[in-house]
Amino acid sequence: MPELARRTAFVTGGARGIGAAIVRELENLCFQVLAPSRQELDLASPDAVDRFLAKHHGLPVDVLVNNAGMNVIQPLETISREVWEQTFRVNLDAPFRLIQGFAPGMKSRGWGRIVNISSVFSLVTREQRAAYSTMKSGLNGLTRTVGVELGPSGILVNAVCPGYVETELTRQNNNPEALKRIAAGIPLRRLAQPEEIARLVAFLCSEQNTYITGQLLVIDGGFTSL
């Protein structure tokens, strides 16, 4: 597909888990994929994001996938201002700044795709998720608004809301017994594989997606249907 080969995708958090799977899927679709490391792009620092965008002004990004995120599980009364603000910067402010930085180029070319990786915990929630759920809910609002604003320019903007995914971070936050209980509470009786999330993201980024925009697409094995 020669036309796809000319497209460039920019993916944050592409080193592991869902992000690494997204990078592989987009490369399979012949995208040139840029996935900066944390050392190259520190999403927790607004100044670092602004410096990165200034340095790479004019970078022809056709697809932006805001995948990187942080999820500190803490009771409400122990969440520090530092954790709250860092969660905001990584999960919401950095995606906003990257969209703001790359959207003008997409508009000038009359084509673009933006996919924000949100979470089912932006729609439902659990205890100790105050910071994470709040920022992911904000990301949903950003997705819808940007989709409305950029639609006339040929740019489609969506959010993908995964449920439980079998990643290093999920295993870090849950012991084996907890993972069994989680799987038992999902209608499909298992966690998602990163590749299953990545395939949906790749479709939304591709030229096969011609009319889906401003949507929150839940991929959770039926978890939120219960």
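A distance of 7.5 Å separates CZ in Phe96 from CG in Leu142, rounded to the nearest 0.5 Å. Residue Ile73 holds its CD1 atom at 9.5 Å from CD of Glu127, rounded to the nearest 0.5 Å. In this structure, the separation between CD on Gln128 and OG on Ser133 is 11.5 Å, given to the nearest 0.5 Å. Taking NZ from Lys55 and CG from Asp50, the interatomic distance works out to 14.5 Å, rounded to the nearest 0.5 Å. To the nearest 0.5 angstrom, Lys136 atom NZ is 9.5 Å from Thr143 atom OG1. Put simply, CD1 on Ile197 and CD on Glu25 are 11.5 Å apart, with the number rounded to the nearest 0.5 Å.
The backbone N or O of Glu177 sits less than 3.5 Å from a side-chain atom of Asn175, completing a donor-acceptor pair. A donor-acceptor pair under 3.5 Å links the side-chain atoms of Thr213 to the main chain of Val157, judged by distance alone. Judged by distance alone, the side chain of Ser153 and the main-chain N or O of Ile155 form no donor-acceptor pair under 3.5 Å. For Asn67 (side chain) and Thr12 (main-chain N/O), a donor-acceptor pair under 3.5 Å exists by modelled atom type. Side-chain atoms of Thr145 come within 3.5 Å of backbone N or O of Gly141 as a donor-acceptor pair.
Take Ser37 and apply the side-chain contact (heavy atoms from CB on, under 4.5 Å) test, not counting sequence neighbours, and it matches Gln39, Glu40. Applying the side-chain contact (heavy atoms from CB on, under 4.5 Å) test to Asn209 and every residue at least two apart in sequence or in another chain returns Arg113, Leu156, Asn158, Phe203, Leu204, Ile212.
Between Cys161 and Ser122 the shortest heavy-atom distance is SG-OG, 4.1 Å. For Pro104 against Ile99, the heavy-atom pair with the smallest separation is CD-O, 4.4 Å. Taking all atoms of both residues into account, the shortest heavy-atom contact from Ala130 to Ile79 is CB-CD1, 3.9 Å. Annotation for Gln74 and Ser80: closest pair OE1-N, 4.2 Å, computed over non-hydrogen atoms. Closest approach of Val165 to Pro162, counting heavy atoms only: CG2-CB, 3.9 Å. Across all non-hydrogen atoms, the minimal contact from Ile186 to Gly221 is CG2-O, 3.5 Å.
Around atom CZ of Arg144, no more than 12 heavy atoms belonging to other residues, nucleotides or ligands sit under 6.0 Å away. Glu85 CD: more than 12 foreign heavy atoms inside a 6.0 Å radius. More than 12 heavy atoms of other residues, nucleotides or ligands sit less than 6.0 Å from atom CZ of Arg171. Taking a 6.0 Å sphere around CZ of Arg189, one finds it holds more than 12 heavy atoms contributed by other residues, nucleotides or ligands.
Side-chain contact between Met106 and Asp62 is absent, with no heavy atoms from C-beta onward closer than 4.5 Å. The shortest distance between side-chain heavy atoms of Asn71 and Phe121 does not fall below 4.5 Å. Inter-residue side-chain proximity for Met70 and Phe88 is flagged as unmet; no heavy-atom pair is nearer than 4.5 Å. Looking at heavy atoms from C-beta onward, Arg7 lies out of side-chain contact with Val63 at the 4.5 angstrom threshold. For the pair Ser118/Leu216, no side-chain contact is recorded, criterion being any heavy-atom separation below 4.5 Å from C-beta on.
Ile22 and Leu191 fall into different hydrophobic clusters, where Ile, Leu, Val, Met, Phe, Trp and Tyr side chains are chained together by heavy-atom contacts under 4.5 Å. The hydrophobic clustering, which links ILVMFWY residues whose side-chain heavy atoms are closer than 4.5 Å, places Val23 and Leu64 apart. Linking Ile, Leu, Val, Met, Phe, Trp and Tyr whenever their side-chain heavy atoms come within less than 4.5 Å puts Val201 and Ile18 in one cluster. Put simply, Ile182 and Tyr132 are part of the same group of oily side chains (I, L, V, M, F, W, Y) that touch within less than 4.5 Å, one to the next. Under the 4.5 Å side-chain contact rule for hydrophobic residues, Ile114 and Val49 share a cluster.
Note: Phe102 and Phe10 have tilted aromatic rings, judged against thresholds of 30 and 60 degrees for the angle between ring planes.
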Check against side chain to side chain contact (heavy atoms under 4.5 Å, CB included), Trp84 and Met135 = CA-CA 9 Å; Trp84 179 267; Met135 306 315 165; 3.5 Å; yes

Carefully, step by step, assess Leu43 and Arg89 under the rule side chain to side chain contact (heavy atoms under 4.5 Å, CB included).
-> CA-CA 7 Å; Leu43 298 175; Arg89 290 193 295 267; over 6 Å; no

Go through Thr167 and Arg16 one step at a time and tell me if the side chain to side chain contact (heavy atoms under 4.5 Å, CB included) criterion holds.
-> CA-CA 8 Å; Thr167 64; Arg16 60 180 185 170; over 6 Å; no

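Remark: Glu195 engages Arg24 in a salt bridge, criterion side-chain N to carboxylate O under 4.0 Å.
Checked by atom type, the side-chain pair Thr134/Ser137 shows no donor-acceptor distance below 3.5 Å.
Residue Ile117 forms a side chain to side chain contact (heavy atoms under 4.5 Å, CB included) with just one option from Asn91, Val11, Val65, and that option is Val65.
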